[in-house]
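Here the structure is laid out as structure tokens; the discussion comes afterwards.
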Number of protein chains: 2
Amino acid sequence: MAKAVTIQEVAALAGVSTSTVSNLLNGRISRMSAATRARIELAMSQLGYQANHAARQLKTGQSPIIGLVIPSVANPFWGAFVQAVEEAAMARGYQVLLGNGGRDPRREQRYAESLWSHGVRGVIFGSSPLSLDYILRLVERGLHVMVFDRRLHEGDTVMDGISVDNRVGGYLATRHLLDLGHRRIGFLSGPLRTSSRLERLEGYRNALIDAEIRHDPALIWVGESPTGAGDVEGAEIGRTGARALLSAEHPPTGLVAINDLYALGAYAGAHDLGFRIPEDVSIVGFDDITMADMANPPLTTIKQPIDSMMQSAVGTLIDRLEGTRSGPAHVVTVPIEIVVRNSTAQPGSRPYRPD
Amino acid sequence: MAKAVTIQEVAALAGVSTSTVSNLLNGRISRMSAATRARIELAMSQLGYQANHAARQLKTGQSPIIGLVIPSVANPFWGAFVQAVEEAAMARGYQVLLGNGGRDPRREQRYAESLWSHGVRGVIFGSSPLSLDYILRLVERGLHVMVFDRRLHEGDTVMDGISVDNRVGGYLATRHLLDLGHRRIGFLSGPLRTSSRLERLEGYRNALIDAEIRHDPALIWVGESPTGAGDVEGAEIGRTGARALLSAEHPPTGLVAINDLYALGAYAGAHDLGFRIPEDVSIVGFDDITMADMANPPLTTIKQPIDSMMQSAVGTLIDRLEGTRSGPAHVVTVPIEIVVRNSTAQPGSRPYRPD
DNA sequence: ATCCTTTAGTGTATCGTTCTACCAAGACCG
DNA sequence: CGGTCTTGGTAGAACGATACACTAAAGGAT
């Protein structure tokens, strides 16, 4: 096992003290002459020096790692989410330590503790049912937290947050169906344990109210997830729900699904019953995962711009870690849009083509 | 920022030396009386002691983190892969540090170096084009490597490996189509940069040879990926490829896709051209991702048992890290099976139902 | 009473960096 | 010429846990 190159070997080769090498490493270049600096840099590259993060962390209490706690990487949406975070973090020289929370608060708490003991001081939480006071305790301890998809109000909390306006999303999806002429619209979801899901439902309700359609509770289907995670089984739940809703006496002609996985599951459920999409039933999803465009028919859905969201989220988190940013919680809400494809049409008709 | 509890605070409260606390922490319980042990444990829980991994790592050179380098988490197969690794690692008290290699050797190398400097001494590589000698260099340095989906021969290398027999997989997929009566069978892939892909192709060829069908190079479509990653765009490539293959003068009646994403993309391509699945063209995939079962029609595919594979892989990697296992490279090949759903049927016929 | 073992611990150097002091030597000023 | 800055460094004590090398006390054998 080859020994790692240390700062003192570099110092010895360059003929300076370890302090000077450390100064260079930490950007305090004003404290040395250009010649010295060049000598050190030469020595570093000759020896192939690689900083020892453990030692550095022991001293500073910081490590260039950000934690990421999400419900489940097995869901393609979260896969893309992780990808986006990872990319943004890497651009700033940070690594990502991953945790699957499985929407289980206890497990998320365990992760957070473990992350802390690894010297991680910045964590991004995906959509989660974490109780606010638990996060708060972590924040008091010095952890920087960035929350995705949880409703926060500016000044209301000490945490930064980023999300799409889920209410608007739910409204847009429902509104699109309404504009097409649908009157009976179903809502398909799994356990409503996160604020984002509740907000999407709220948007759905508001759209119906604005269209002066009486609310029918029988049209809202909230599936139970056996494991409680409600992610991998999303498609399965969507399928079951679509079957339940469509086999009712007065089936809906349009379905708003809580996310694309549910929507794609609803495709299967509709097919099981012999319904064609969109001729017999229109379906709209949420997220715009890659598969949405490949599905048959391509899925109309609400798009979340995760790449840009995560770039911003990771940016402000790292700014906080590095002390560049301080001050009150920064809460951003990103505009959202519907992308219309071919899973929606006028009730009992041929596909609706956007142009 | 609350100070972390250290081993000496625990020692002070329990009235022992730090050495004794350390001994307890490291399982050397034979070196102390039951009473002392109980006092220390009480003190630890009273203070809420959490070990500082940085300090420990600085001393021991080890850290309870395993690295995971995969092409792209955005692909649902790799998402499930990460999930499986994470679960297995967590059960042993390890965390996972993630890296998206993007099938780019330079980037993978950068990751590996970075992982090393974080004290990570065990890494799992997903399917990758890494040159063997580069990995070898890492191994010499003391890194324990576990390679997924790369063909290794027992005794041939110093690295552990796990994979499915991709040749058999390609054979099984092709054979299934042959058994159904297909004679013109296309092969759909992206860049053949990994051994697993080449092996699947080999299996396809062998099946045709065994069936005494003359090999027609026009039936093999190898797409180019614009970014080189060939993952996110898998479905897109599959779509293009299916269109190319199916619009030929003598189109194939069956298609073997390099993985499920390509297969699902091929669904879209076939539809673009007005082909029905499986009546006009049969399609078989590889991996058995969650969406395979939800697709319309449900996809016949070769299943990779990733959960059990990763449990074994993580197990032997950690055994190596902890010194429990040593000796020659451990290469395991896991049996594979085809799961027949409704995307395959006899040529020009109604769906084939397994029972 | 002496010597040897065993039990139950402890003292302390060490891992690789950082960072607060501190300092030497020249430049500048009046 | 003495004093004060400025520039370009250096010394060395941390950070928290580990593990090697000890040892004090008690028990057993002779």
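- Residues forming a ring pair (Phe, Tyr, Trp, His ring centres under 6.0 Å) with B/F81 (at least two apart in sequence, or on another chain): B/W78, B/F148.
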- Note on the structure: Whether each nucleotide of nucleotides 5-17 of chain C has a protein heavy atom under 4.0 Å at its base (B), only at its sugar-phosphate (S) or at neither (-) is summarised, 5' to 3', as ---BBBBB-BBBB
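- On the nucleic acid side, DNA chain D has its first and last nucleotide under 4.0 Å of a heavy atom of chain A at D/dG8 to D/dG16, going 5' to 3'.
- Using a cutoff of 4.0 Å between basic side-chain nitrogens and carboxylate oxygens, B/R107 and A/E87 are scored as salt-bridged.
- Annotation: side chain of B/V82 is in contact with side chain of B/I70 (closest heavy-atom distance under 4.5 Å).
- Sorted by first then second residue, the salt bridge (Lys or Arg N to Asp or Glu O under 4.0 Å) pairs that include residues 25-38 of chain A, not counting sequence neighbours, are A/R37-A/E41.
- Within the structure, side chain to side chain donor-acceptor pair (under 3.5 Å) pairs that include any residue of residues 46-57 of chain B comprise A/S117-B/H53 (at least two apart or interchain).
- For B/N100 (side chain) and B/V73 (main-chain N/O), a donor-acceptor pair under 3.5 Å exists by modelled atom type.
- For residues 305-326 of chain A, every residue pair satisfying the salt bridge (Lys or Arg N to Asp or Glu O under 4.0 Å) rule, not counting sequence neighbours, is listed here: A/R92-A/D319, A/R92-A/E322, A/D160-A/R320.
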